[in-house]
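Just the heavy atoms: all of them, side chains too, but no hydrogens, waters or symmetry mates, feed the values below.
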Amino acid sequence: KGIEVIRGTKYLLAKDKPFMPEVDFEQIKREPERMIPIEMAKGPILAIFDQDDKSFGFENPWVHLAQERAFHAGKMDFEILTYPGLGHLLDSPNCPVCTETTNPLVPWTIPYGGQVQEQSLAQIDAWKNIVDLYKNL
């Protein structure tokens, strides 16, 4: 049915479908010990995620769950940046956009998604936000 890549998470392998994890998000919510305790982080959190990821094929619910947990614990320095047209990878500014890759676990190319212009602009904007985050520590 799937291959266990990350302990407790099975990935479905099918050429015509995204490299999709078999994850029960409601179960994860009920078992918080399976998540990184982001609410205990002493510094600010900057979460950057895409809106054109072709490798996982779903909007990332983890970042919203982490933000919810952080806010519930009183941690308010948690920022989420989302970028339409950004694929699975976020590289440094002016790096070539990578829209697909190979993986030794699967015998076909895995699409990362991303639109070249939007991805390039996202890399520039995200980099500025990352640098600002470190400058303000």
Visitor: Enumerate the side-chain hydrogen bond (donor to acceptor under 3.5 Å, both in side chains) contacts for residues 124-136, please, sequence neighbours excluded, ordered by first and then second residue.
Guide: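 Non-adjacent pairs meeting side-chain hydrogen bond (donor to acceptor under 3.5 Å, both in side chains): Y83-D125, D125-N129.
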Visitor: Could you tell me the separation between the CD atom of Q67 and the NE2 atom of H72, rounded to the nearest 0.5 Å?
Guide: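 Nearest 0.5 Å value for the CD-NE2 distance: 14.0 Å.
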Visitor: Would you say L137 ends up clustered with I130 if hydrophobic residues are merged whenever their side chains have heavy atoms under 4.5 Å apart, either directly or through other cluster members?
Guide: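 Cluster IDs for I130 and L137 match.
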Visitor: Side-chain heavy atoms under 4.5 angstrom apart, residues restricted to Ile, Leu, Val, Met, Phe, Trp, Tyr: same cluster for I45 and M76?
Guide: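 Yes.
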Visitor: Please report the interatomic distance OH(Y112) to OG1(T99), rounded to the nearest 0.5 Å.
Guide: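 Reported value, rounded in 0.5 Å steps: 10.5 Å.
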Visitor: I'd like to check the salt bridge (charged side-chain N to carboxylate O under 4.0 Å, His left out) partners of E68; sequence neighbours left out, ordered by chain and number.
Guide: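 Salt bridge (charged side-chain N to carboxylate O under 4.0 Å, His left out) list for E68, sorted by chain: empty.
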Visitor: Is there a side chain to side chain contact (heavy atoms under 4.5 Å, CB included) between L86 and D52 once you walk through the steps?
Guide: CA-CA 5 Å; L86 176 62; D52 192 36; 5.9 Å; no
Visitor: What residues join V116 in its hydrophobic cluster, counting side-chain heavy atom gaps under 4.5 Å, either direct or through other members?
Guide: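 V97, all in the cluster of V116.
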Visitor: Output all residues satisfying salt bridge (charged side-chain N to carboxylate O under 4.0 Å, His left out) with E39, sequence neighbours left out; order by chain, then residue number.
Guide: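 R69.
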Visitor: Do side-chain atoms of Q51 reach the backbone of T82 as a donor and acceptor pair under 3.5 angstrom?
Guide: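 Such a contact is absent between Q51 side chain and T82 backbone.
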Visitor: Measure the spacing between CG of D50 and CG of L89 and express it to the nearest 0.5 Å.
Guide: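 If we round to the nearest 0.5 Å, D50:CG and L89:CG are 9.0 Å apart.
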Visitor: Could you tell me which non-hydrogen atom of L133 sits nearest to which non-hydrogen atom of P44, and how far apart they are?
Guide: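 Scanning both residues completely, I find the closest heavy atoms to be CD1-CG, 3.6 Å.
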Visitor: Between L81 and L46, does the side chain to side chain contact (heavy atoms under 4.5 Å, CB included) criterion hold? Intermediate values first, please.
Guide: CA-CA 8 Å; L81 298 177; L46 176 61; 3.8 Å; yes
Visitor: Enumerate the residue pairs fulfilling salt bridge (Lys or Arg N to Asp or Glu O under 4.0 Å) with a member in residues 74-91, sequence neighbours excluded, ordered by first and then second residue.
Guide: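 Those involving residues 74-91 are K75-D77.
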Visitor: How many angstroms lie between atom CG of L90 and atom SG of C98, to the nearest 0.5 angstrom?
Guide: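 So the gap between those two atoms works out to 12.5 Å.
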Visitor: Suppose we screen for side chain to side chain contact (heavy atoms under 4.5 Å, CB included). Which residues come up paired with E100, at least two apart in sequence or across chains?
Guide: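 Scan of E100 (side chain to side chain contact (heavy atoms under 4.5 Å, CB included), adjacent residues dropped) gives T109.
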Visitor: Applying a strict under-4.5 Å side-chain criterion to I, L, V, M, F, W and Y, I'd like to know whether F78 and F49 cluster together.
Guide: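 Yes, F78 and F49 fall within the same hydrophobic cluster.
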